[in-house]
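Remarks on the structure that follows.
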Amino acid sequence: MPRLRLPEINGLRGVAILAIIWHHLTIALKVKAPVIFQLSTAPLVFNGWTGVNLFFILSGFVLYLPYAAQKRQMQSRADALVFYKHRFFRLMPLYYLVSIATLVLSGTLAAPDGGVLRQALTIATFTFMFSSHTFVPSSNWALWSIGTEVLFSLVFPLLLWITARVGLKSVLVGALVLSLLVRVLCLIHGRHDGPDWVADGLLLGRLDEFVIGMMLAQAHVHNRCWRLPSAVFVGLGALLIGIAFYGFNRCIIELTAPAELLAVLSNVLDLGLVLLLLAALDERFVLAQMLRSRVLHVLGMACYSIYLWHLPVMNAYGIFKGNTDPAFIAAFGLTVLFLAAMTYRYIEFRSVADWRQLFLAGPFAPAKRPHSAELANVASANSRHAS
């Protein structure tokens, strides 16, 4: 019987959110990659944004897992409405709270040109996703990937309906082909140094990652994951991720490789992440044991709150404006952890009676606490991710 309580998934989310925050800090602090043994470490230093890719794969995995295990069903309009209701109340309360707080506390709502009010309207209605000018909201860049998550949630019942008729393998092949074509076309005609409103915001160029996660969930449920030793998965996965990082650096930082190569490199990266995820699902392997650490586990469970708060707090401390005082950097980290802890406890999981369950405090072991199924599978709502 496959495990459906997977603390390793939250550990991976913890790694992903740390990578994303590191990426934004490298931008704000203008970090320079050191040279070690005459080799530049730039590919390792400047690719923390790929935590977004990992988040999207995990999102598809966790959303589909109960359906693959036949614990839930999507056979009627009523099932779809129940799903939408759950997703709305899972995602939107915190989304609106942070968005309103960001706009109000920034003091820019009174801007005479009314631009911020227009931005507030597009954020409230999620219409910011449908224009290249508003796709990355200036008040909080991270919202772009929340919009991508929302779109995936909207099409998820349709994907299940199609899967039931043609099979998940066919859906995966179709998603891989569609997303690759969209990425290539967008890279030919557009920018390549950040998320694209068509390829990323409209889901078309990211759909393959969500469906990859769904396929992994099905493989996990049917015990089809481990055809090779987990150490081999880690080795191959690290090699593929390293190749992708090197290619990203050539395309984005050095500008010595064609931008269109990024479309294929995304597939290389995703395959590497898949192999690492397969190794992480082997509960006896050392990687899984590392990912079950309490620190990574809690960071992963609270990553939605962390993700939404970290950029507004960086702006509040002036870090993007050149404030590199170590005291302010430390204050930024502590403020994000405090705000995220409060909203994680009182907004995301306000119905959980005992706070110790949420922070793995006291006698509760990660695999034995009463609500571990809900907490360990805090689903794709926590997959936030942005560059």
CD of Gln70: more than 12 outside heavy atoms within 6.0 angstrom?
-> no
Exercise for review: Determine yes or no for a side-chain-to-main-chain donor-acceptor pair under 3.5 angstrom, with Gln289 supplying the side chain and Arg284 the backbone.
Suggested key: yes
Atom pairs and distances, side-chain donor-acceptor, residues 156-170, under 3.5 Å, sequence neighbours left out:
from: Thr163; atom 1: OG1; to: Leu159; atom 2: O; distance (Å): 2.7
from: Arg165; atom 1: NH1; to: Trp161; atom 2: O; distance (Å): 3.0
from: Ser170; atom 1: OG; to: Val166; atom 2: O; distance (Å): 3.3

*Does one hydrophobic cluster hold both Leu311 and Leu29, with members joined at side-chain heavy-atom distances below 4.5 Å?*
yes
In one Ile/Leu/Val/Met/Phe/Trp/Tyr side-chain cluster, 4.5 Å: Leu216, Val173 | no
Test your reading of the model: is there a side-chain donor-acceptor pair from Arg345 to the backbone of Phe349, 3.5 Å cut-off? yes
Between Tyr304 and the options Tyr95, Phe55, Tyr344, the side chain to side chain contact (heavy atoms under 4.5 Å, CB included) test singles out Tyr95
- Item | Side-chain donor/acceptor of Thr148 to backbone N/O of Trp144, under 3.5 Å | yes
Close aromatic pair by centroid cut-off 6.0 Å: His86 and Phe89: no
Residue pair Ser305 / Thr343, side-chain donor-acceptor N/O under 3.5 Å: yes
Closest non-hydrogen contact found for Leu287 with Ala279 is CD2-CB, 4.0 Å
Quick one: side chains of residues 207-214, donor-acceptor pairs under 3.5 Å with protein atoms, not counting sequence neighbours, listed by atom name and distance.
from: Asp208; atom 1: OD2; to: Arg183; atom 2: NH1; distance (Å): 3.1
from: Glu209; atom 1: OE1; to: Arg206; atom 2: NH1; distance (Å): 3.1
from: Glu209; atom 1: OE2; to: Asn53; atom 2: ND2; distance (Å): 2.7

Test of ring centre spacing under 6.0 Å for Phe248 and Phe46 = no
Across all chains, not counting sequence neighbours, the side chain to side chain donor-acceptor pair (under 3.5 Å) partners of Ser138 are Gln119
